[in-house]
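Convention: sequence-line order gives letters A, B, ...; per-chain numbering from 1. Below, each value reflects all heavy atoms present in this structure, side chains not excepted, and no hydrogens, waters or symmetry copies.
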2 protein chains.
Amino acid sequence: MNESTVISEEFFSFLSGKASTAISRRLQRNLKEVKLNITAEQWSILYYLWLEEGLTQQELANFTFRDKPSITRLINNLERLGMVIRVNDKQDRRSNLIYLTKEGRKLRESGMKQASLTIRESLEGVDETDLKIAQEILERVFQNLK
Amino acid sequence: MNESTVISEEFFSFLSGKASTAISRRLQRNLKEVKLNITAEQWSILYYLWLEEGLTQQELANFTFRDKPSITRLINNLERLGMVIRVNDKQDRRSNLIYLTKEGRKLRESGMKQASLTIRESLEGVDETDLKIAQEILERVFQNLK
DNA sequence: ATTGCTTACTTGCATAAACAACCTATAATT
DNA sequence: AATTATAGGTTGTTTATGCAAGTAAGCAAT
């Protein structure tokens with residue numbers, strides 16, 4: 001890419017993240033369809049907790065590419081909804097370890113199911129090899145800018 | 001993609017739009033560096049107006065993949081900043097035609113320049129052919145879900 | 001023990017997003 | 001012409017984001 005790079009329509013849609021916003025809107029819709037009243041952002045936090053509980057907020061921030069204030073507030077909301085609890089780390093009292101409540105664990109199966117559904121809908125007709133390339137490009141862009 | 005599609009780390013980052021959020025953060029930063037105090041979202045509206053003035057809010061919504069309320073508020077803010085004005089369409093009195101002010105037009109050159117800079121930074125080391133593939137995949141995903 | 005640096009999290013402020021409900025102007029149907 | 005449907009915008013509510021500034025706990029090295 002040289003100095004005279006022009007802002008093409010295609011690049012604009014790249015910048016606008018139209019694909020990823022479409023995906024998260026669809027995820028939201030698919031969650032709602034099974035009466036899962038959580039946002040796509042809340043889902044992304046729960047996703048990592050479904051894989052492993054007791055993560056710190058900083059770890060969640062790293063996993064989900066959000067800043068710490070965003071995590072603070074997402075956890076506030078999830079705590080208010082009774083899905084997670086903060087447990088103060090005895091080893092390092094600066095940290096909160098985030099655990100699921102019984103309620104939060106119950107959502108796991110349908111939450112995961114609706115996410116796979118969303119993936120299938122998104123990737124219909126997409127070639128596996130091309131998808132790999134696309135993911136590598138996106139990763140490269142992220143590395144370039146982070 | 002079959003029924004048993006699993007949510008991979010890679011797909012997660014696809015869903016989270018980490019590349020596109022990185023791009024718009026960088027754009028924001030690059031704008032700030034030349035004292036352009038507009039947000040990346042405001043930039044995206046101005047971009048289309050720099051190409052053609054007198055667009056309706058609905059047209060801007062279509063171009064930028066946002067809903068109408070989002071555009072209403074973005075235009076409110078841009079109008080408050082003295083960058084654009086709403087002109088009621090005499091032909092169809094439901095529509096507002098959006099025009100740049102002198103102030104808004106002045107930003108064009110540096111606004112475009114900082115955007116190309118952002119593109120160059122993002123795509124450093126990215127193969128042109130792969131980029132095309134990635135854009136096609138993103139477009140396909142969007143078409144699948146829209 | 002004190003000083004200074006870093007890390008984990010929170011708060012404040014401004015902006016933006018989605019969705020639903022609404023108003024008004026135009027278009028379509030009868 | 002009157003009725004209904006649709007299209008363009010706005011408002012309300014809730015949630016989320018970025019950045020800057022703050023608090024408090026841990027760490028390092030005198």
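For Asn88(B) and dG9(D), the shortest distance from a side-chain N or O to OP1 or OP2 is not below 4.0 Å. Side-chain nitrogen and oxygen atoms of Arg66(A) include none within less than 4.0 Å of the OP1 or OP2 phosphate oxygen of dC9(C). The phosphate of dA18(C) (OP1 or OP2) has a side-chain N or O of Arg25(A) nearer than 4.0 angstrom. Contact check, Arg93(A) against dG26(D): a side-chain N or O comes under 4.0 Å of OP1 or OP2. At dA16(C), one or more side-chain N or O atoms of Asn77(B) fall inside 4.0 Å of OP1 or OP2 (strictly under the cut-off). The phosphate of dT10(D) (OP1 or OP2) has no side-chain N or O of Asn76(B) nearer than 4.0 angstrom. An OP1 or OP2 oxygen of dT10(C) is reached within less than 4.0 angstrom by a side-chain nitrogen or oxygen of Gln57(A). Taking side-chain N and O atoms only, Thr21(A) has no distance below 4.0 Å to OP1 or OP2 of dA17(C). Put simply, Ser95(B) has no side-chain N or O that comes within less than 4.0 Å of OP1 or OP2 on dA25(C). Between Gln42(A) and the phosphate of dA16(D), there is a side-chain N or O to OP1/OP2 separation shorter than 4.0 Å. At the phosphate of dA17(C), neither OP1 nor OP2 sits under 4.0 Å from any side-chain N or O atom of Gln28(A).
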CA sep, side-chain torsions, deciding dist, call: Arg80(A), Asn77(A), side-chain hydrogen bond (donor to acceptor under 3.5 Å, both in side chains): CA-CA 5 Å; Arg80(A) 208 151 33 73; Asn77(A) 287 342; 2.5 Å; yes
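Checked by atom type and distance alone, the side chain of Trp50(A) pairs as donor or acceptor with a backbone atom of Gly104(A) at under 3.5 Å.
Residue Glu41(B) has its side chain nearest to dA17(C) when only dA16(D), dA17(C), dT11(C) are considered. Picking from dG18(D), dG9(D), dT15(C) the nucleotide with the shortest atom distance to the side chain of Thr39(B) gives dT15(C). For Ser70(B), whose side chain is taken as the heavy atoms from C-beta onward, the closest listed nucleotide among dG18(D), dT15(D), dA17(C) is dA17(C).
Donor-acceptor pairing under 3.5 Å is lacking for the side chains of Glu139(A) and Gln135(A). A side-chain N or O of Asn144(A) and one of Arg140(A) form a donor-acceptor pair less than 3.5 Å apart.
Atom P of nucleotide dT15(C) and atom CD1 of Ile45(B) are separated by 15 Å, given to the nearest angstrom. Taking atom CD of Glu79(A) as the reference point, atom P of dC9(C) lies 13 Å away to the nearest angstrom. Counting to the nearest Å, the C1' atom of dT14(D) and the CD1 atom of Ile38(A) are 16 Å from each other. Atom CG in Asp67(B) sits roughly 16 Å away from atom P in dG12(D) (whole-Å rounding). Note: NZ (Lys68(B)) to C1' (dA16(C)) measures 18 Å, nearest angstrom. The distance between atom CD1 of Ile75(B) and atom P of dG8(D), rounded to the nearest whole Å, is 15 Å. Atom C1' of nucleotide dT10(C) and atom CZ of Arg80(A) are separated by 16 Å, given to the nearest angstrom. For the pair Leu145(B) CG and dA18(C) C1', the computed distance is 16 Å after rounding to whole Å.
Between the side chain of Arg73(B) and the base of dG12(D) there is at least one donor-acceptor pair of N/O atoms closer than 3.5 Å. A donor and an acceptor atom never sit less than 3.5 Å apart when one is taken from the side chain of Arg94(B) and the other from the base of dT24(C).
Comparing Leu74(A) and Pro69(A) by the nucleotide of DNA chain D that holds the closest heavy atom to each, the one mapping nearer the 5' end is Leu74(A). Residue Leu97(A) is the one, among Leu97(A) and Phe65(B), whose nearest nucleotide of DNA chain C lies closer to the 5' end (criterion: closest heavy atom). Of the two residues contacting DNA chain C, namely Asp89(B) and Ile71(B), the nearest-nucleotide position lying further toward the 5' end is that of Ile71(B).
Of the options Leu31(A), Thr21(A), Thr118(A), Ile119(A), a side-chain contact (heavy atoms from CB on, under 4.5 Å) to Arg26(A) is made by Thr118(A) and by none of the others.
At a threshold of 4.0 angstrom between heavy atoms, the contacts of Thr72(A) include nucleobase atoms, whether or not backbone atoms are also involved. Using a 4.0 Å heavy-atom criterion, one finds that Arg29(B) contacts no nucleic acid atom at all. Contact annotation for Asp92(A): backbone-only contact, meaning every heavy-atom pair under 4.0 Å involves sugar-phosphate atoms and none involves a base.
Using a 4.5 Å cut-off on side-chain heavy atoms (C-beta onward), Lys32(B) and Asn37(B) make contact. Counting only heavy atoms from C-beta outward, the side chains of Asn30(B) and Glu121(B) approach each other to under 4.5 Å.
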